[in-house]
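As a basis for the values below, the full set of heavy atoms in this structure was taken, side chains included, without hydrogen atoms, waters or symmetry mates. Naming: A, B, ... by sequence-line order, numbering from 1 per chain. Source: prediction; values computed, not measured.
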Amino acid sequence: MIRVYNTLSKTKEPFEPVSPGKVGMYLCGPTVYKPSHIGHMVGPVIFDAIKRYLVYSGYDVTFVINVTDVDDKLIAESANRGMPMEKLAAEMTADYMQNLRAMAVDSVDHFPKATDNIDEIIRLTATLVDKGFAYESKGDVYFDVTKSKDYGKLSGRSVEAMQCELSENIRLKRNSADFALWKSAKPGEPSWPSPWGNGRPGWHIECSAMSGRILGKTFDIHGGGLDLVFPHHENEIAQSESAHGCPMAKYWMHNGLMQASDEVGKVGGRNTRTATEGDLASQEAGKISKSKGSSAFSEMLEVFPGETIRFFLLSTHYRRPIDFSNSRIEEVGTGLETFYRFFQRYERVAGESFYDLAAAETREKGDFKPGKDALLADVAKHRQAFLDAMDDDFNTGGGTAALFDLVRRLNKFVDQEKLEASTDGKDAALASLKQGATTLRELGSALGLFLKPVEAPAEADDDLVGGLMDLLIEIRANARKNKDFATADRIRDALGELGITLEDRPGGTGWQR
RNA sequence: GGCGCCGUAGCCAAGCGGCUAAGGCAGCGGAUUGCAAAUCCGCCAUCCCCGGUUCAAAUCCGGGCGGCGCCUCCA
């Protein structure tokens with residue numbers, strides 16, 4: 001039984017989809033007016049992992065992330081750049097998509113754009129006006145929060161508490177907390193014809209329109225950053241539920257926000273990372289936000305592999321805020337190496353790539369009977385620990401811990417059985433190892449990890465380097481055979497200075513950059 | 001001011017009333033190695049403070065202290 005923390009109830013609830021077996025999931029995506037920063041990746045990575053885990057658990061999941069491509073910020077930025085809004089939006093959307101790919105976020109079924117859904121937005125707005133929940137005011141249309149009896153139920157605010165003097169520019173509204181569904185166009189602004197004149201959608205309405213169109217009036221999971229609880233999600237609820245007369249989403253899930261650690265910029269002096277890489281995020285401590293500014297995520301990807309950043313994001317619970325710093329990601333990367341080294345080890349021992357293992361795609365199929373096999377008994381135990389953690393509100397931190405336990409157990413097995421020296425007559429041990437590795441692949445896949453080999457730091461002359469390395473290793477092997485350790489160590493040390501590490505293993509010498 | 005979150009080892013972090021408080025990074029000791037690297041084994045916390053509830057609390061309640069978020073645009 002999966003349990004989910006619901007912001008609406010502030011408790012963990014058993015996860016039971018509206019329609020048995022089917023899950024509709026909507027995540028608030030970006031407003032595409034600037035290149036994405038790491039904060040934009042948190043939600044997509046987490047909800048991608050959640051979708052994978054739900055699919056793994058046997059659900060048929062439809063996952064939607066919207067792209068808001070018309071809004072005040074877009075209009076301002078495009079004017080700023082002297083570029084049509086559509087062109088700016090297209091460029092920034094492309095940047096966003098590329099970043100998602102790098103993070104292995106590929107479980108999204110729909111990326112609806114606001115500008116492709118203007119008709120639906122107008123229809124929904126008209127419905128709200130017809131039903132008396134919204135009113136027109138000089139070409140604008142506002143939602144009247146006093147008409148929604150439970151307005152504030154998500155964020156715990158009361159309409160009364162939000163009342164304040166109506167200032168000059170919001171005199172068009174009846175109450176200060178009312179928000180725009182439709183905004184009349186000023187000259188030169190992008191606009192669409194509507195019953196209220198030319199204009200464009202307000203900020204919140206596109207999510208109500210698109211989630212309703214694709215997932216239905218009531219769907220299962222609505223996600224987003226904690227900062228969206230108010231006003232964005234509160235207003236979505238007001239719009240959708242007033243228009244449809246039924247709950248918008250059953251579970252509201254909010255991820256913690258990424259914080260830029262104040263040590264950013266100071267780390268790295270010690271070893272490999274240098275000061276130039278120090279300000280991938282804001283130099284300022286505190287939340288990474290638009291107003292504070294932070295570097296483009298694409299630049300970060302030039303320094304860290306996508307999978308390392310993904311693992312970093314998944315190594316803690318999604319509701320917790322995460323402090324970002326380069327050193328933290330480096331540490332996580334060090335931990336990830338343990339897995340990658342095991343994959344290479346597995347390939348040497350088993351003669352097949354870890355990435356070619358056909359793992360079960362559902363937890364049901366992945367279940368196996370360990371019998372009296374001591375290794376498999378432990379594998380099953382760690383697998384269960386992983387499932388228990390994930391079932392408990394998608395505790396990816398606990399889940400990754402189980403993954404570490406699992407590799408360690410597998411490495412220990414390879415050591416004990418001396419599989420690296422020789423596998424002759426060890427078919428049974430190999431079979432057990434394969435089952436263990438397959439389980440690791442199964443669980444990793446459920447989080448969107450270890451999907452495909454990390455790209456080697458590709459250098460054009462790999463053949464040449466490979467040939468030279470073979471030669472050096474051969475020369476060194478001869479030296480070692482002759483107890484000429486001076487020569488052997490000279491070779492290893494010199495390579496070390498070039499950033500190449502030699503590993504003498506039972507089966508021969510290997511190397512890595 | 002209103003709403004809310006957090007405080008577990010040097011650092012990150014799981015844990016949500018009851019087994020010896022997961023896991024990662026760093027460090028130390030050992031096995032292995034010609035020496036290393038990798039791997040494995042071991043060591044490294046009574047959970048911010050003070051009260052209370054309970055047979056039993058890191059886990060619940062109250063009060064402090066210390067971080068932080070939202071209330072305006074934000075994933």
Side-chain angles (χ1 to χ4, degrees), chain A residues 7 10 12 27-31 33-34 36-47 65 71-73 76 96 152 155-158 160-162 164 177 203 223-232 234 254-259 261 263 285-292 311-312 315-317 319-323 325 327-328 330-338 341-342 344-345 382 385 389 392-393 395-416 420 480 483-486 488-489 492-493 496 501-506 509-512:
Chain A
T7 307
K10 293 188 171 49
K12 283 183 197 170
L27 176 68
C28 284
T31 298
Y33 73 110
K34 274 186 175 175
S36 31
H37 61 250
I38 187 171
H40 291 113
M41 296 296 117
V42 178
V45 165
I46 284 158
F47 284 89
I65 298 183
D71 137 297
D72 293 357
K73 296 190 293 296
Y96 182 69
S155 57
R157 287 157 213 265
S158 64
E160 300 76 58
M162 283 183 282
C164 61
W203 173 31
L226 211 46
D227 53 346
L228 294 183
V229 174
F230 187 88
H232 188 53
E234 194 69 71
H254 293 96
N255 58 269
L257 303 177
M258 174 74 61
Q259 325 251 134
S261 164
E263 69 176 285
K287 189 179 77 168
I288 297 180
S289 66
K290 300 280 197 284
S291 50
K292 283 181 183 166
F311 196 76
F312 166 69
S315 63
T316 175
H317 188 91
R319 278 192 280 123
R320 244 180 117 102
I322 316 177
D323 279 340
S325 76
S327 55
R328 196 120 303 143
E330 281 173 37
E331 285 174 15
V332 164
T334 306
L336 256 189
E337 295 287 331
T338 303
R341 274 194 228 95
F342 172 76
Q344 294 171 346
R345 199 178 193 199
H382 293 133
D392 184 10
D393 196 28
N395 182 355
T396 53
T400 52
L403 258 28
F404 273 106
D405 285 334
L406 187 49
V407 244
R408 192 186 326 102
R409 185 63 183 88
L410 261 20
N411 267 322
K412 184 175 179 176
F413 184 74
V414 174
D415 281 359
Q416 286 175 333
E420 280 219 84
R480 292 177 70 208
K483 305 264 190 236
D484 178 8
F485 295 122
D489 292 347
R492 188 174 61 199
D493 293 346
T501 309
L502 290 186
E503 297 181 11
D504 295 327
R505 310 186 194 100
T509 297
W511 63 277
Q512 359 196 230

Inset, instruction - Provide the distance between the two P atoms, one in B/rG18 and one in B/rG2, to the nearest whole Å. - result: 35 Å

Inset, instruction - Indicate, with a heavy-atom threshold strictly under 4.0 Å, whether A/His232 touches base, sugar-phosphate, or nothing. - result: nothing

Inset, instruction - Scan A/Leu228 against the nucleic acid and name what it touches under 4.0 Å (heavy atoms): base, sugar-phosphate only, or nothing. - result: sugar-phosphate

Inset, instruction - Figure out the NZ/C1' separation between A/Lys412 and B/rA31, and round it to whole Å. - result: 12 Å

Inset, instruction - With the side chain of A/Glu503 defined as its heavy atoms from C-beta on, choose the nearest nucleotide among B/rC71, B/rA75, B/rA38. - result: B/rA38

Inset, instruction - Give a yes/no on whether any side-chain N or O of A/Arg320 is located under 4.0 angstrom from OP1 or OP2 of B/rA14. - result: yes

Inset, instruction - Round to a whole Å and report the spacing from CG of A/Leu226 to P of B/rC71. - result: 11 Å

Inset, instruction - With heavy atoms under 4.0 Å as the rule, sort A/Gly225 into base, sugar-phosphate or nothing. - result: sugar-phosphate

Inset, instruction - Calculate, to the nearest 0.5 Å, the distance between atoms CG and CD belonging to A/Leu502 and A/Gln512 respectively. - result: 10.0 Å

Legend entry - d(CG, A/Asp392; P, B/rU59) in whole Å: 18 Å

Legend entry - B/rU46: pairing nucleotide in any strand, Watson-Crick or G-U under 3.5 angstrom: none

Inset, instruction - Can you figure out which of B/rA36, B/rC12, B/rG69 approaches the side chain of A/Arg328 most closely? - result: B/rC12

Inset, instruction - Could you say whether A/Thr316 or A/Lys10 is positioned toward the 5' end of RNA chain B, judged by the nucleotide with the nearest heavy atom to each? - result: A/Lys10

Inset, instruction - Would you classify A/Gly29 as touching base, sugar-phosphate or nothing, given that sugar-phosphate means primed atoms plus P, OP1 and OP2, and contacts are heavy atoms under 4.0 Å? - result: sugar-phosphate

Inset, instruction - Report which part of the nucleic acid A/Asn395 touches: base, sugar-phosphate, or nothing (heavy-atom distance under 4.0 Å, all strands). - result: sugar-phosphate

Inset, instruction - Write down the distance between CD1 (A/Ile322) and C1' (B/rC68), rounded to a whole number of angstrom. - result: 15 Å

Inset, instruction - Rounded to whole angstrom, note down the P distance from B/rA57 over to B/rG51. - result: 14 Å

Legend entry - d(CG, A/Asp504; C1', B/rA37) in whole Å: 8 Å

Legend entry - Nearest-0.5 Å distance that lies between atom CG in A/Asp393 and atom NE2 in A/His317: 4.0 Å

Legend entry - Candidates B/rA14, B/rU39, B/rG34 - which lies nearest the side chain of A/Asp415: B/rU39

Inset, instruction - Kindly point out which of B/rC6, B/rA75, B/rG34 is positioned nearest to the side chain of A/Cys28? - result: B/rA75

Inset, instruction - Both distances under 3.5 Å, Watson-Crick or G-U wobble: report the partner of B/rC3, or none. - result: B/rG69

Legend entry - Pairwise side-chain contact, A/Arg409 with A/Phe404, heavy-atom cut-off 4.5 Å (strictly under): no

Enumerate all atom pairs, one protein N or O and one N or O from nucleotides 21-24 of chain B, separated by less than 3.5 Å.
unit_1 : atom_1 : unit_2   : atom_2 : d
B/rG23 : O3'    : A/Arg408 : NH2    : 3.4
B/rG24 : OP1    : A/Arg408 : NH2    : 3.2

Legend entry - NE2 on A/His382 to CG on A/Asp405, rounded to 0.5 Å: 4.5 Å

Legend entry - B/rU20 versus B/rA58 - spacing of their P atoms, nearest Å: 12 Å

Legend entry - Spacing of the C1' atoms in B/rA56 and B/rG4 (rounded, Å): 31 Å

Inset, instruction - Identify which nucleotide among B/rC70, B/rU39, B/rA75 has an atom closest to any side-chain atom of A/Arg157, counting heavy atoms from C-beta outward. - result: B/rC70

Legend entry - Whole-Å P distance, B/rC25 and B/rC71: 38 Å

Legend entry - A/Arg319 CZ - B/rA14 C1' separation (whole Å): 13 Å

Inset, instruction - Select one nucleotide: of B/rA37, B/rG34, B/rA75, the one nearest the side-chain heavy atoms of A/Pro30. - result: B/rA75

Legend entry - For atom CD of A/Glu234 and atom P of B/rU72, their distance in whole Å: 13 Å

Inset, instruction - Round to the nearest Å and state the distance from A/Asp489 atom CG to B/rA37 atom P. - result: 12 Å

Inset, instruction - Mind checking A/Asn411 for me? I need base, sugar-phosphate or nothing, with any heavy atom below 4.0 Å counting as a touch. - result: sugar-phosphate

Legend entry - Which residue lies more 5' along RNA chain B, comparing A/Pro321 with A/Ala488 via nearest heavy atoms: A/Pro321

Legend entry - Selection from B/rG34, B/rC70, B/rA38 that lies nearest to any side-chain heavy atom of A/Asp227: B/rC70

Legend entry - C1'-based separation of B/rC12 from B/rA22 [nearest Å]: 14 Å

Legend entry - Note: A/Asp415-A/Lys412 ion pair, threshold 4.0 Å (strictly below): no

Inset, instruction - Quote, to the nearest angstrom, the P distance that separates B/rC48 from B/rG7. - result: 8 Å

Inset, instruction - Report which part of the nucleic acid A/Arg492 touches: base, sugar-phosphate, or nothing (heavy-atom distance under 4.0 Å, all strands). - result: base

Legend entry - Nearest listed nucleotide, side chain of A/Leu257, among B/rA75, B/rU39, B/rA14: B/rA75

Inset, instruction - Inspect the surroundings of NZ in A/Lys483 and state if more than 12 heavy atoms from other residues, nucleotides or ligands are less than 6.0 Å away. - result: no

